[in-house]
Number of protein chains: 2
Amino acid sequence: MATIKDVAKRAGVAVSTASYALNGVKKVSDATLQKVLQAAEELHYQKNGFASDLKRTKTNTIALILRDLSGPFYSELIRGIQEVTTANGYDLIACSAIGGDDSTATKFLKEKRVDGAIVLAHNISDDIIKASANADFPVVVLDRHLDNPHILHVEVDNYQGGWIATEHLIEKGHKSIAFISGPKNSHDSEMRYKGYRDALEKHNLTFQSRFKFTGDFQRESGYRSTKMLIAQQNLPDAIFYANDEMAIGGLKAFADNGIRVPEDISIIGFDDIQISEYLNPPLTTIRQPKYEVGALSAHMIFQLFTGEDVEKHYSLVTELVERESVK
Amino acid sequence: MATIKDVAKRAGVAVSTASYALNGVKKVSDATLQKVLQAAEELHYQKNGFASDLKRTKTNTIALILRDLSGPFYSELIRGIQEVTTANGYDLIACSAIGGDDSTATKFLKEKRVDGAIVLAHNISDDIIKASANADFPVVVLDRHLDNPHILHVEVDNYQGGWIATEHLIEKGHKSIAFISGPKNSHDSEMRYKGYRDALEKHNLTFQSRFKFTGDFQRESGYRSTKMLIAQQNLPDAIFYANDEMAIGGLKAFADNGIRVPEDISIIGFDDIQISEYLNPPLTTIRQPKYEVGALSAHMIFQLFTGEDVEKHYSLVTELVERESVK
DNA sequence: CTGTTAGCGCATTCAC
DNA sequence: GTGAATGCGCTAACAG
């Protein structure tokens, strides 16, 4: 591999001149610029990214840290991040947090292999994140609350979402409403549940514990919980699934048992994932402003880069998307 | 940020000693090892990844290059890659190819910011890939054929897939079969189409050009093409969608028009994406061995690293997954 | 406008 | 075992 020295030599100039020419610094005459460029071309010169980063102590890329690269994927969220990072001339890479504190993600965080990070990965410990964040290394977390001056938060108002989902069901005349939750340690799910409980209470509807099941946000668990609900005989009027994936599992369980949605039972999900409108019936759900969450997260990082004052905490509101799974 | 020099100084040893201690090279006495470790701890020492990479000229990570980080995502494929890379002690990052030859992905490729790459991104030009691949930098391409000694290929037998999809439809008694293709420049789609045509021919079924539509592998295009097909009045007996996403769009178009699947028309997809079995009706489709493609791709890279001889080209077979969208 | 020079932080000889 | 010295490839003063 040719280095910048080779290029300089071939072009008959000093290394620095070659560097300036190659980096578009306007200090070189047109003639030498051409010479350098041509030499680089002939040598198939490619700069060594690490050497460059090392020197600049800046990578121009930010990392998105995901629990698992193989999904589930929030494409809208990523699109939001992506658009803002590209608009700012930054690169974006995604790292997996598989392996937890011993993962690729942790390495990138600790060794500062990027200029900033957005994390959405429960399996990275708070300590790692706190230890990594500092004035020159902003990190925004999407999945927890961390008390640290250099950590930014963006979250959606899950309580409000749980509330409007339940209100909608009640408004439509449903009295007995089941709730299929996410995993126990999910703060998001817990807040949605709180919203559900409070809405129930406000309308003097009693909560029945046999109508609460614990899932794990996966399709399969929605399927299983629903099967159990069906097996229990007397079905509720409606089910509020803590996310769309589980609602999809539920839909399948109902189809398996010849139970029609929404004729026999109404269901509502949470998230409004892309596929939801293509289901049969199209799923009524609570839309999370995922694109906005992503875009905002990235924005905050760039604001910090430019030394602006930024709000450390944002909470975004959800909205009801009415389709056909609630009658 | 403390550097290794600071650590060495604090521990009262030479830099090299500190380096050995930190990297677990068994050349240091237990006593000094402890001293160094403790000094590092006290200073919150974190090695600079770039400096390390620069020196080693090795990053221990491989890149997965995707057209767009925001999906559509082949989670099975990524899982395959992920498992093999982790098993080999390597890190995996995903880069977006948005921006084509001016993207993050291109930068990682050209500047060799990783040790190897797997590319699944039509929007990166052949030239870039060819220019990047060399004996020390293996790249496996999943979406094209490239004539270069250092480029490896893994593909699925799309021709065979197109063939069995069509055969299945014919076997079930369908005579007029429409084909909704992927984008024009997609080699995959082209091969599926060839399989379709040949199967038709073998059974003396004439191909009707009014039953061929060009889509772009996106849900929306499946929806639009299907709408057009419906508008044309007399529907075919069955439709072969070049991928599941478009079939989902098709399903929606039929639902919109009160046309029942499979009672009124049969449809078959291609890919067997996760959601397919949850659709209504569950989608009959051609399963691509995605996990295997991913795992194999990663394997090939590691084989190359260890200097083994590797087959430059693999073609994996597809299989029919019968569900309920074909009657 | 161009060339010289000094590190960036680290791993790695090679003597001791 | 240890430590001094060297350079990876590049950028950025600083002189000229």
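Fair warning: this is a prediction, and the values are worked out from it, not measured in the lab. Each chain gets a letter, A, B and so on, in the order the sequences are listed, and its residues count up from 1. Side chains included, hydrogens not; waters and symmetry mates left out as well; all remaining heavy atoms used.
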Please determine whether a side-chain nitrogen or oxygen atom of [X] lies at a distance below 4.0 Å from atom OP1 or OP2 of [N].
X	N	value
A:Thr32	C:dT2	yes
A:Ser19	D:dT11	yes
B:Ser52	C:dA11	yes

**Item:** Least distance between heavy atoms, B:Ala63 atom then B:Leu92 atom
**Value:** C-CD1, 4.4 Å
**Message:** Counting the atoms with a prime plus P, OP1 and OP2 as sugar-phosphate, which does A:Thr57 contact under 4.0 Å by heavy atoms, base, sugar-phosphate, or nothing?
**Reply:** nothing
**Sugar-phosphate, base or nothing in reach of A:Tyr20, heavy atoms under 4.0 Å** = base
Other residues, nucleotides and ligands only: do more than 12 of their heavy atoms fall within 6.0 Å of [atom1] on [X]?
X	atom1	value
A:Glu308	CD	yes
A:Lys9	NZ	no
A:Asp126	CG	yes

**Of A:Ala51 and A:Val13, the one whose closest DNA chain C nucleotide lies more 5'** = A:Val13
Is it the case that [N] (base atoms only) and [X] (side chain only) share a donor and an acceptor within less than 3.5 Å, ignoring hydrogens and angles?
X	N	value
A:Lys55	C:dG7	yes
B:Ser16	D:dA4	yes
A:Ser29	C:dT2	no
B:Lys47	C:dG9	no

Nearest to the side chain of [X] - [options]?
X	options	result
A:Ile4	D:dC14, D:dG3, D:dT11	D:dT11
A:Val15	D:dT11, D:dA13, C:dT12	D:dT11
B:Thr3	C:dC10, D:dC8, D:dA4	C:dC10

**Message:** If you assign B:Lys27 and A:Asn48 each to the DNA chain D nucleotide with the nearest heavy atom, which residue ends up on the more 5' nucleotide?
**Reply:** B:Lys27
**Prompt:** With nearest nucleotides of DNA chain D determined for A:Asn23 and B:Leu33 from heavy-atom distances, which residue corresponds to the more 5′ nucleotide?
**Reply:** B:Leu33
Could you tell me how far apart [X] ([atom1]) and [N] ([atom2]) are, to the nearest whole angstrom?
X	N	atom1	atom2	value
B:Asp53	C:dA11	CG	C1'	12 Å
B:Phe50	C:dA11	CZ	P	14 Å
A:Leu54	C:dA6	CG	P	18 Å

**Message:** Taking the basic N atoms (NZ, or NE/NH1/NH2) and the acidic carboxylate oxygens, is any pair closer than 4.0 Å for B:Lys107 and A:Asp91?
**Reply:** yes
